[in-house]
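Remember, it's a predicted structure, so these values are computed and weren't measured experimentally. Within every chain, numbering begins at 1; the chains are lettered A, B, ... in the order of the sequence lines, protein sequences first and strands thereafter.
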Number of protein chains: 2
Amino acid sequence: MSSAASSGGSGGPGGPGGARKRADKRQAILEAAFTVFARRGYAQACVQEIAQEARVAKPTVYSHLNDKETLFRHALEAAADALAAENLAAVERLRDLAPDADLRAALTGTADRLLRICGSERGRALKWLTYAQVGTFPDLVDAVLERTGRRLGTALADRLARLSLAGRLRPCAPEQAAEHFLALLTAPYEARSALGTRPLPATALHGLAEAAVDTFLLAYAA
Amino acid sequence: MSSAASSGGSGGPGGPGGARKRADKRQAILEAAFTVFARRGYAQACVQEIAQEARVAKPTVYSHLNDKETLFRHALEAAADALAAENLAAVERLRDLAPDADLRAALTGTADRLLRICGSERGRALKWLTYAQVGTFPDLVDAVLERTGRRLGTALADRLARLSLAGRLRPCAPEQAAEHFLALLTAPYEARSALGTRPLPATALHGLAEAAVDTFLLAYAA
DNA sequence: AGCAAGATGAACCCATGGGTTCAATAGCTA
DNA sequence: TAGCTATTGAACCCATGGGTTCATCTTGCT
């Protein structure tokens, strides 16, 4: 199940099998890199271990990604893309809300999902790794934040603008409302979970989501 | 030339001068350690550079602190203590607020100070270093968070409880109010400043403080 | 003056790990 | 079958840096 049997039908017509397998390896290497970086941190992670994790030889790693730093950047950006997709999906649930639907319940549902993503294995690892290298690769912080932070903020602002226009929220600056919604949600989570080091039970997460929505609605409800 | 003239009045009566100088060196080492760790990160910082920064020989460093990890822990805890003192001072300004004083102005003043501390050289460095080692030294995260996070939260909760009792805020759970106040303040700062990598002008900081207080008062004013 | 405790710098030992080289091999294409 | 390309494993080079040792000062105390 490692890599040989992965591409399904062997030598499917229409595409060069060699290139396909090569792309698969690159993918495996990036995933393995993220796993190992998450486990050890940037400096402590050795390329050898990444190669093992990807079931690949060390020179193969260097043939795909030039050096450790490139490996790190690509691995983190890929992880950020995956997280961003999950975040956006959670926010999109606020689209097409029926006029008589329960706004509080909808917001709480979205909040709950965002919190779960934030506390997921990948979410925590990405945050740690990004913060950790903020001094050495400041531009990487920007790339990751663009994907996970800014995109999420504007998508949520879009939804809140519609809700405001529909009279379900008071007139407000949607960017700021989104910023405050996310703040009320994530900052208490960071504090309670000790930056993600201490796992919170699902009930605690739900409590945080409800508290955030409560306060948000006190400030922003119509 | 370096250390001989450091202790000010030479041989002040009442204390053993030797021990005093030794304590001074320890202090210098810890400060230098924080400076260098902040500059390079934990793994990239070498003890040699810390020794140079402290104007001390490498074996002297090891004679005071057993190894690099101990050095790191003590340096960070000292920095956290210093930050905690500043934070508490900012919150204490809410004590003894005159019954007819401008609550919004008082909260904004405190918010402004907290934001400045959070964005200070020391504040940013401490946050980066703590986050960076969250995987390797999880208990250190706890020690730092206890000093900067928890203490600040309860101190602010104390003040808000009094304000609530005095009828200036609506009845509420003070811990949660404090949590939300700090969330509205710091999370937007983190987002806007890209985790502290991009400096915000004082006017932007003030704007964040005012926005946070606005929303907070919408939800928590009497 | 003479002693004890630090402090010093330089050299040293050694583990880790990034990055490369190379000969051997597996797998696909023609 | 011939040939090309990607892969492999193992050994290798070399820089970095944690931690120690030691002989030599410096300094304060008596």
Worksheet item: Any side-chain heavy-atom pair from B:V144 and B:L140 closer than 4.5 angstrom?
Response: yes
Item to complete: Using a heavy-atom cut-off of under 4.0 Å over every strand shown, decide if A:A45 touches base, sugar-phosphate, or nothing.
Response: sugar-phosphate
Item to complete: Tell me whether the OP1 or OP2 atom of D:dT7 has a side-chain N or O from A:S63 closer than 4.0 Å.
Response: yes
Fill in: Between C:dG9 (P) and B:Q52 (CD): distance, integer Å
10 Å
Discussion item. Using a 4.0 Å cut-off on heavy atoms, which residues in residues 64-76 of chain A reach DNA chain D? List them by number, or say none.
Written reply: A:H64
Discussion item. Whole angstroms only, please: what is the OH-P distance between B:Y62 and D:dG19?
Written reply: 4 Å
Item to complete: Write down the distance between CD1 (A:I50) and P (C:dG18), rounded to a whole number of angstrom.
Response: 8 Å
Fill in: Test salt bridge (Lys or Arg N to Asp or Glu O under 4.0 Å) applied to A:R39 - qualifying residues, sequence neighbours left out
A:E49, A:E53
Practice prompt. Compare all side-chain heavy atoms of B:R151 with those of B:R147 and state whether any distance is below 4.5 angstrom.
Written response: yes
Item to complete: For the side chain of A:P59, starting at C-beta, report the closest nucleotide among C:dA7, D:dT8, C:dG9.
Response: D:dT8
Worksheet item: At under 4.0 Å between heavy atoms, what does B:E49 touch on the DNA or RNA strands: base, sugar-phosphate, or nothing?
Response: nothing
Worksheet item: Who pairs with B:D67 by salt bridge (Lys or Arg N to Asp or Glu O under 4.0 Å), at least two apart in sequence or on another chain?
Response: none
Response to the item:
Atom CD of A:Q48 and atom C1' of C:dT16 are separated, to the nearest Å, by 12 Å
Worksheet item: What nucleotide, of C:dT8, D:dG18, C:dT20, holds the atom closest to the side chain of B:K58?
Response: D:dG18
Worksheet entry | Electrostatic pair B:R162-B:D96, nearest N-O below 4.0 angstrom | no
Item to complete: Mind calculating the distance between CG (A:D24) and C1' (D:dT7) to the nearest angstrom?
Response: 15 Å
Worksheet item: Tell me, which of residues 35-42 of chain B have any heavy atom that sits under 4.0 Å from an atom in DNA chain C?
Response: none
Item to complete: With the side chain counted from C-beta on, respond yes when B:K127 and B:C118 share a heavy-atom pair under 4.5 Å apart, and no when they do not.
Response: yes
Worksheet item: Does anything in residues 33-68 of chain B pair up under ring-ring contact (aromatic ring centres under 6.0 Å, His included), and if so which pairs, sequence neighbours excluded?
Response: B:F37-B:Y42, B:F37-B:F72, B:Y42-B:F72, B:Y42-B:F137
Practice prompt. Could you state the atom-to-atom distance from NZ of A:K25 to P of D:dT5 in whole Å?
Written response: 17 Å
Discussion item. Using the salt bridge (Lys or Arg N to Asp or Glu O under 4.0 Å) criterion, which residues pair with B:K58? Sequence neighbours excluded.
Written reply: none
Discussion item. In the structure I gave you, are the side-chain heavy atoms of B:R159 and B:E92 within less than 4.5 Å of one another anywhere?
Written reply: yes
Worksheet item: When you check the phosphate oxygens OP1 and OP2 of D:dT7, does a side-chain N or O of A:T60 lie under 4.0 Å from one of them?
Response: no
